[in-house]
Peer 1: 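I am attaching a structure below and will ask some questions about it afterwards.
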Amino acid sequence: MGGDPMVFWIASAAGLGIAYLFGATPTGYLAGKLLKGIDIREHGSKSVGATNVLRTLGKWPALAVLLADVLKGAAAILFAGWFYPWLASLPAVTPPPGLDPGTWTRWAVCLAGLAAVLGHSRSIWLKFAGGKSAATGLGVLLALAWPVGAGAAAAFALAVAAFRIVSLGSMVAALTAIALVFGLPEPAPYRLLVIAGGLYVIARHRANIQRLLAGTEPRLGKAAAP
């Protein structure tokens, strides 16, 4: 006797919710509270990202937050890569007829990646606010298609080394990932994920783009305007 397709869809949605919660973990906010008892959203650029942690708390807390943000994106992908094949194997939640489990898993894993990226920037724990999702997006890329992620990380490092502007490095990395995913033999779901995620990260930098055009975007080592 086959399983109920409705149970399958409900369980699939629950998996996306878990991936979102991975991304929504407010690492920068927690670092401020645990290390100095402050709300980092009231200091520096008021962002919860690693760059503002660097300016507000110092180098080592910023490095820890950066790594945690990357790891939570990777964790969401690793979880989804285990969860959806496992889900499809359960008799009680058999996929609907005509739905190929392998194809669905690829799409579901990509949706989980987007959920994690969204969770970082729209965290339920921060009243649906958050960071720019660049580090979490990098974690998603490294776990999903590591050559694309490695290329994006290299582009980020080069841009920051040359210009000392983190926001510029993040946008260069997003554009590099989009270019690489088309230059490498990646599946269509992965390509759509990288396009959607990359454009979302760039859109989250709208204020930074305005400051870059005005020549007022702060460089590393300088204070950020609120």
Side-chain angles (χ1 to χ4, degrees), residues 11-34 39-41 45-54 61-84 86-87 105-146 148-150 152-153 156 166-167 169-171 173-174 177-178 181 189-206 208:
S12 295
L16 295 182
I18 294 172
Y20 165 85
L21 291 175
F22 272 115
T25 304
T27 49
Y29 173 83
L30 291 174
K33 285 293 185 181
L34 293 173
D39 186 341
I40 198 169
R41 297 172 298 175
S45 65
K46 306 188 186 302
S47 170
V48 296
T51 304
N52 196 37
V53 173
L54 174 64
L63 180 60
V65 168
L66 176 64
L67 291 175
D69 285 346
V70 172
L71 287 174
K72 68 186 186 183
I77 293 297
L78 295 175
F79 162 77
W82 162 81
F83 177 76
Y84 288 104
W86 171 79
L87 179 65
T105 294
R106 283 193 293 271
W107 284 103
V109 168
C110 288
L111 289 174
L114 285 177
V117 168
L118 181 65
H120 180 81
S121 61
R122 300 293 181 186
S123 174
I124 189 173
W125 312 118
L126 300 178
K127 298 181 179 180
F128 298 100
K132 302 295 198 307
S133 294
T136 300
L138 175 60
V140 168
L141 284 177
L142 290 172
L144 189 70
W146 73 264
V148 177
F156 171 83
V166 174
S167 60
S170 297
M171 290 185 283
I178 293 173
V181 82
Y190 294 8
R191 290 179 174 177
L192 291 177
L193 165 66
V194 174
I195 292 171
L199 292 178
Y200 181 72
V201 167
I202 292 171
R204 291 287 297 168
H205 284 81
R206 292 189 301 273
N208 303 87

Peer 1: Roughly how far apart are Thr105 OG1 and Leu87 CG, rounded to 0.5 Å?
Peer 2: 8.5 Å
Peer 1: Under 3.5 Å, is there a donor-acceptor pair between the side chain of His120 and the main chain of Ala116?
Peer 2: no
Peer 1: Using every non-hydrogen atom in the two residues, find where Ala112 and Leu16 come nearest and quote the distance to one decimal.
Peer 2: N-CD2, 3.5 Å
Peer 1: Considering only heavy atoms from C-beta outward, does the side chain of Ile77 approach that of Leu141 to under 4.5 Å?
Peer 2: no
Peer 1: Identify the two heavy atoms, one from Phe156 and one from Ala173, that lie closest to each other, and give their separation to 0.1 Å.
Peer 2: CB-CB, 3.9 Å
Peer 1: Could you state the interatomic distance from OG (Ser47) to CG (Asn52), rounded to the nearest 0.5 Å?
Peer 2: 5.5 Å
Peer 1: Quick check: do Trp107 and Leu192 have side-chain heavy atoms less than 4.5 Å from each other?
Peer 2: yes
Peer 1: Mind checking whether Ser170 and Val166 have side chains closer than 4.5 Å, heavy atoms only?
Peer 2: yes
Peer 1: Between Ser123 and Tyr29, does any side-chain donor sit less than 3.5 Å from a side-chain acceptor?
Peer 2: no
Peer 1: So does Ser133 get a backbone contact from the side chain of Thr136, meaning a donor-acceptor N/O pair under 3.5 Å?
Peer 2: no
Peer 1: What distance separates Tyr84 OH from Arg106 CZ, expressed to the nearest 0.5 Å?
Peer 2: 15.5 Å
Peer 1: Kindly compute the distance separating OG1 (Thr25) from CD1 (Ile124), expressed to the nearest 0.5 Å.
Peer 2: 11.5 Å
Peer 1: For Arg41, enumerate each residue passing the salt bridge (charged side-chain N to carboxylate O under 4.0 Å, His left out) test, keeping only those at least two apart in sequence or located in another chain.
Peer 2: Asp39
Peer 1: So, do Asn208 and Lys132 sit near enough that their side-chain heavy atoms are less than 4.5 Å apart?
Peer 2: yes
Peer 1: When rounded to the nearest 0.5 angstrom, what distance separates CG in Leu144 from SG in Cys110?
Peer 2: 5.0 Å
Peer 1: Check for a donor-acceptor pair, side chain of Lys72 on one end and backbone N or O of Phe22 on the other, with a separation under 3.5 Å.
Peer 2: no
Peer 1: Is there a side-chain contact between Val48 and Pro26, using heavy atoms and a 4.5 Å cut-off?
Peer 2: no
Peer 1: Quick check: closest heavy atoms across Ala135 and Leu66, and the distance to 0.1 Å?
Peer 2: CB-CD1, 3.8 Å
Peer 1: For the CH2 atom on Trp125, are there more than 12 heavy atoms of other groups (residues, nucleotides or ligands in this structure) within a distance under 6.0 Å?
Peer 2: no
Peer 1: Which pair of non-hydrogen atoms, one from Gly131 and one from Ser121, has the smallest distance, and what is that distance?
Peer 2: O-CB, 3.2 Å
Peer 1: Tell me whether the rings of Trp86 and Trp82 are parallel (<30°), tilted (30 to 60°) or perpendicular (>60°).
Peer 2: parallel
Peer 1: Should Val140 and Leu114 be marked as a side chain to side chain contact (heavy atoms under 4.5 Å, CB included) after you check the CA-CA gap, both sets of side-chain angles, and the distance that decides it?
Peer 2: CA-CA 9 Å; Val140 168; Leu114 285 177; over 6 Å; no
Peer 1: For the atom pair CG (Leu142) and CG (Leu71), what is the distance rounded to the nearest 0.5 Å?
Peer 2: 9.5 Å
Peer 1: Where is the tightest heavy-atom contact between Leu193 and Gly113, given as atom of each residue plus distance?
Peer 2: CD1-C, 4.3 Å
